[in-house]
Number of protein chains: 2
Amino acid sequence: MSENSPSKKIGIKEIAKIAGVSIATVDRVLNNRKDVSESTRKKIKDLIKEHNYQPNIYARSLSVKNNLSFAVLIPKTSQQTGYWDLCLQGIKKGINEYSNFGINIQVFLYDQEDVNTFEKLNSAVLSGNFNAVIIAPIFIKETELFVEECKKQKIETLFINSDIKGCSSMGYIGPDLTSTGRLAANLTSYLVKGKSTLLILNIARGLQNYAYLNTKIDGYSNYLKDKNADYDIIVKDIPSNNYDEIEMALLRLENEIDPDLIFVTNSRVSVVGKFFDEHPELSKPAIIGFDFLYENVNYLAKGTIDFLICQRPDKQGYMALNYLYRYFLLKEEKENFKPMPIDILTIENYLFYEN
Amino acid sequence: MSENSPSKKIGIKEIAKIAGVSIATVDRVLNNRKDVSESTRKKIKDLIKEHNYQPNIYARSLSVKNNLSFAVLIPKTSQQTGYWDLCLQGIKKGINEYSNFGINIQVFLYDQEDVNTFEKLNSAVLSGNFNAVIIAPIFIKETELFVEECKKQKIETLFINSDIKGCSSMGYIGPDLTSTGRLAANLTSYLVKGKSTLLILNIARGLQNYAYLNTKIDGYSNYLKDKNADYDIIVKDIPSNNYDEIEMALLRLENEIDPDLIFVTNSRVSVVGKFFDEHPELSKPAIIGFDFLYENVNYLAKGTIDFLICQRPDKQGYMALNYLYRYFLLKEEKENFKPMPIDILTIENYLFYEN
DNA sequence: CTGAAAGCGCTTACAG
DNA sequence: CTGAAAGCGCTTACAG
């Protein structure tokens with residue numbers, strides 16, 4: 001009926017006393033250091049198990065003097081999208097938490113429309129004596145070169161947001177992009193029934209750098225293909241960040257295609273919302289897009305956007321630092337791939353979403 | 001371009017040295033204790049701000065010897081539903097984390113079908129010298145009495161999972177149940193179009209204790225009413241935990257009503273999934289229900305259940321302890337109501353859900 | 001009003 | 001192979 005959790009923690013001192021050794025020896029077996037006789041090692045291990053002893057990680061972090069330094073290399077927030085700001089928030093939460101453990105964390109923000117800024121910061125990171133670097137790999141080729149350099153200097157690398165398969169030394173933390181696309185397709189099947197025209201829209205300057213958008217599109221298309229539904233799927237690019245240009249492009253597309261649903265493959269979906277808000281004369285299609293950004297939520301709340309799919313960029317940032325913390329401090333194994341939850345937001349649950 | 005976060009933390013010792021005082025004095029102003037002259041207090045406060053000094057909470061937690069004790073009073077897991085087990089997992093995560101701060105946490109599990117067990121545990125809690133108790137208020141009247149007693153003994157009370165308005169001293173952590181119902185209705189509008197019959201199903205023994213289910217139903221019905229859709233909404237109770245009995249009841253309802261969609265108001269939705277799996281001769285309605293339980297997810301994966309709405313019971317448990325920690329240790333204000341995220345799970349995103 | 005000293009539960013040299 | 005002692009950054013009596 002009552003499940004007692006004594007949670008009166010036994011300490012290293014008690015263990016030492018019971019075992020009849022000093023705390024230094026207990027510490028040695030705790031941390032798997034050598035120079036302990038097998039017999040006392042066993043005795044202490046048994047005691048630890050018996051009393052379910054767990055070291056106080058706060059005490060540990062206080063006394064251990066680690067000289068760890070992590071770098072974070074992500075895009076800076078543009079005026080077009082606050083996406084990376086969310087990621088940065090998670091990073092900052094991590095900095096706040098882990099600097100208490102004496103870890104030094106530095107953030108480097110590059111311009112995702114200017115590969116030069118990325119390369120300049122590469123040098124800064126390489127000369128900064130870091131133990132690991134968290135990278136959002138927008139520029140594929142340049143990132144691969146950078147990771148090569150890191151490997152030479154024994155700097156661990158970890159990707160967030162999107163992956164380059166087999167490239168980084170510690171793996172990838174972020175959404176499974178294929179599933180993300182499939183989910184969008186799944187929601188599509190609830191929004192439009194029967195014979196319909198679906199428009200997939202890539203909106204951004206420098207689209208060549210966003211190869212990972214194709215992964216989402218593949219997931220989307222394959223899902224619908226498997227369902228044998230009667231859909232026309234059309235993919236279009238709008239390689240611009242300027243609303244007027246985008247408006248022109250959308251007007252053309254509306255004329256040409258008149259879609260029943262628009263699936264925007266990134267967080268720029270709010271411009272499509274804006275477009276249909278400003279053009280009430282057009283028949284508004286169902287709209288699906290990405291990310292919990294202020295402008296997006298705005299059109300979700302109005303009912304212009306039907307679903308937002310969210311990948312918790314802030315959690316990605318935090319979990320990346322957490323992963324490094326667990327690897328370097330707690331000596332946990334590398335885990336390689338950590339898929340983030342994929343959240344669905346509608347007009348009815350967005351208020352309670354914590355990014 | 002590069003945002004430096006030095007995160008080389010300055011310590012109390014440095015502050016003391018710069019100010020020309022002892023660390024004890026710095027500690028006094030840090031913790032707003034009296035017995036410091038206004039002039040030195042100001043000097044130190046300025047220094048703290050100037051250097052952005054933040055105390056190391058782990059060092060603090062090590063040295064402070066708080067005598068805190070929290071109780072947790074929730075239903076035990078029944079064989080019918082693992083829901084409370086998820087909550088318990090979150091609690092355990094919290095115990096693991098906060099027992100490092102010297103907090104003592106005890107869990108008491110009552111039988112939600114037997115009010116006597118609840119009342120017995122009330123006495124145990126009252127005589128256990130706790131500073132606060134987290135309660136899942138299934139039995140309304142008895143909980144109100146218990147909270148009264150707690151108030152007399154200066155034990156803080158905090159509700160999780162469902163609320164009794166204005167009753168507890170610290171508020172409520174859990175989903176906004178009206179919105180939860182509205183979300184189910186919102187999803188309903190994607191699943192069925194045109195003239196349809198919707199069946200709302202309450203499944204559980206002792207339904208009189210689950211008054212909060214009506215809040216969900218109200219949210220659900222009001223949403224659809226506002227939409228002026230052409231829906232027949234029928235509410236039915238199946239006050240049983242026995243599958244054979246439930247099967248009989250469902251057979252009767254199928255005959256009588258033949259719904260286009262079934263909305264199960266709690267986590268027992270898997271039995272409805274099972275029912276339609278075992279009766280392929282019946283036309284399967286769309287199905288919406290609650291909670292990320294193994295059996296539910298099973299029928300979600302098969303496509304029998306269309307949507308699961310999840311309220312993160314584990315997070316509720318953890319956040320409740322976290323709230324107490326922040327209130328008692330970090331001296332933060334009471335916050336009263338902490339709505340939990342309401343998650344939507346489909347066949348395409350459940351794999352990545354972390355409860 | 002202020003400071004010196006002990007202690008929280010660990011880890012880290014250092015000595016044997 | 002083992003232990004005594006110092007120290008991590010705070011808080012807590014205690015003494016003045």
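For the numbers below, each heavy atom of this structure counts, side chains included, while hydrogens, waters and symmetry mates do not. So you know, we letter chains A, B, ... as the sequences are listed, proteins then strands, and number each from 1.
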Minimum-distance nucleotide (side-chain atoms of L62(A) versus dT2(C), dG9(C), dG3(D)): dG9(C)
Nucleotide nearest I23(A) when distance is taken to its side chain, options dT12(D), dC10(C), dG3(C): dC10(C)
Sidechain-backbone polar pair: N131(B) side chain, F70(B) backbone, donor-acceptor under 3.5 Å: no
Atom pair distance, as rounded to whole Å: CG in D35(B) and P in dG16(D): 17 Å
T25(A) side-chain N/O to dG3(D) phosphate OP1/OP2 under 4.0 Å: yes
Positions of residues 42-58 of chain A (non-hydrogen atom under 4.0 Å from DNA chain D), listed by number: none
Intra- and interstrand pairs of DNA chain D - dot-bracket, Watson-Crick/G-U under 3.5 Å, | marks other strand: |||.||||||||.|||
Any residue meeting side-chain hydrogen bond (donor to acceptor under 3.5 Å, both in side chains) with S39(A), in chain and number order, not counting sequence neighbours: S37(A)
Of the listed nucleotides dT12(D), dG3(C), dG3(D), the one nearest the side chain of V64(B): dT12(D)
5′-ward residue of the pair I12(B)/V36(A) relative to DNA chain D: V36(A)
Separation of dG9(C) C1' from R60(B) CZ (nearest whole Å): 18 Å
Rounded distance in Å - CG (L30(A)) to C1' (dT12(C)): 14 Å
Interatomic distance where CD1 belongs to I10(B) and C1' belongs to dC10(D) [whole Å]: 15 Å
N or O in side chain of T40(A) less than 4.0 angstrom from dC1(D) OP1/OP2: no
Donor-acceptor under 3.5 Å (N56(A) side chain, N100(B) main chain): yes
Touch class at under 4.0 angstrom, heavy-atom based, for S61(B) against every strand present: nothing
Pair R312(A) + D343(A): basic N to acidic O under 4.0 Å: yes
Proximity to the side chain of A24(A) - top-ranked nucleotide from dG3(D), dA13(D), dC1(C): dG3(D)
For atom CG of N100(A) and atom C1' of dC8(D), their distance in whole Å: 12 Å
Touch class at under 4.0 angstrom, heavy-atom based, for R33(B) against every strand present: sugar-phosphate
NZ (K334(B)) with more than 12 external heavy atoms under 6.0 Å: yes
K13(A) side chain, from C-beta outward: closest of dT2(D), dG9(C), dC10(C): dG9(C)
Protein-nucleotide distance (E38(A), atom CD; dT2(D), atom P), rounded to Å: 10 Å
Under 3.5 Å: donor-acceptor pair, side chain of Q316(B), backbone of G174(B): no
Polar side-chain atom of T77(A) near backbone of G82(A) as donor-acceptor pair, under 3.5 Å: no
Rounded interatomic separation in angstrom, taking CG from N31(A) and C1' from dA13(C): 15 Å
Along DNA chain C (nearest heavy atom to each residue), the more 5'-positioned of S37(B) and A59(B): S37(B)
Polar side-chain atom of Y58(A) near backbone of R60(B) as donor-acceptor pair, under 3.5 Å: no
Distance below 4.0 Å between S63(A) side-chain N/O and dT12(C) OP1 or OP2: no
Polar side-chain atom of T25(B) near backbone of V21(B) as donor-acceptor pair, under 3.5 Å: no
Pair K17(A) + E14(A): basic N to acidic O under 4.0 Å: no
Interatomic distance where CZ belongs to R28(A) and P belongs to dG3(D) [whole Å]: 8 Å
